[in-house]
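A short worksheet on the structure shown next.
We're numbering straight along the sequence, starting at 1.
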Amino acid sequence: VIAYCYHTGATYDKFKKVGVRVEAKIISKEKIGASGTGNTKFRMVVEFATRDGIVQATAKRYFTPEELIKVMRNNTVILYYMPHDPKQILLMPCEMT
């Protein structure tokens with residue numbers, strides 16, 4: 001458990017430090033699970049612009065009901081991608097207004 005928490009924190013820090021922040025369009029979403037606390041897990045295909053063109057990437061993430069409202073409002077989500085490999089993404093719906 002400790003190793004998982006450390007890895008998750010290190011990944012978050014890496015994306016926030018090196019990654020590029022963009023708003024991505026949600027191409028498709030599929031509910032793939034739920035937590036006991038009311039959060040829903042989705043697999044999403046998103047599309048966003050980089051300096052090299054349009055990229056599509058897939059990510060899985062748990063969303064709180066509050067985050068889902070923000071995401072579904074415009075069918076977009078804030079994410080960070082790695083400049084050297086734009087298919088590596090970290091969804092950040094908590095940064096949406």
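The shortest side-chain heavy-atom distance between M82 and K14 falls under the 4.5 Å cut-off. Considering only heavy atoms from C-beta on, V46 comes within 4.5 Å of V77 through its side chain. Residues Y81 and T50 have side chains in contact (heavy-atom distance under 4.5 Å, counting atoms from C-beta outward). Residues V71 and M44 meet the side-chain proximity criterion, which asks for heavy atoms closer than 4.5 Å. Taking the side chain as every heavy atom from C-beta outward, K29 and M72 approach each other to under 4.5 Å. In this structure, P65 and N39 have side chains that are in contact, with non-hydrogen atoms separated by less than 4.5 Å. Counting only heavy atoms from C-beta outward, the side chains of C94 and E67 approach each other to under 4.5 Å. Using a 4.5 Å heavy-atom threshold, the side chains of T40 and Y62 count as separate.
One side chain, E95 or Y80, offers a donor N or O that lies under 3.5 Å from an acceptor on the other.
A salt bridge between E47 and K25 is absent, with no side-chain N of the basic residue lying under 4.0 Å from a carboxylate O of the acidic one.
A donor-acceptor pair under 3.5 Å is formed between the side chain of N75 and the backbone N or O of I26. Of the possible polar contacts, one joining the K87 side chain to the Q56 backbone as a donor-acceptor pair under 3.5 Å is found. Although no hydrogens or angles enter the test, the distance criterion places a donor-acceptor pair under 3.5 Å between the side chain of R61 and the main chain of L91.
Hydrophobic clustering (side-chain heavy atoms under 4.5 Å, transitive across Ile, Leu, Val, Met, Phe, Trp, Tyr) groups I89 together with M96. A chain of hydrophobic side-chain contacts below 4.5 Å, direct or via other Ile, Leu, Val, Met, Phe, Trp or Tyr residues, connects V18 to F15. Criterion: ILVMFWY side-chain heavy atoms under 4.5 Å apart, direct or through other members. Under it, F48 and I78 are part of a common hydrophobic cluster.
Rounded to the nearest 0.5 angstrom, T11 OG1 and Q88 CD are separated by 9.5 Å.
In terms of heavy atoms, P83 sits closest to P86 at O-CD, 4.1 Å.
Heavy atoms from other residues, nucleotides or ligands lying under 6.0 Å from NZ of K70 number more than 12.
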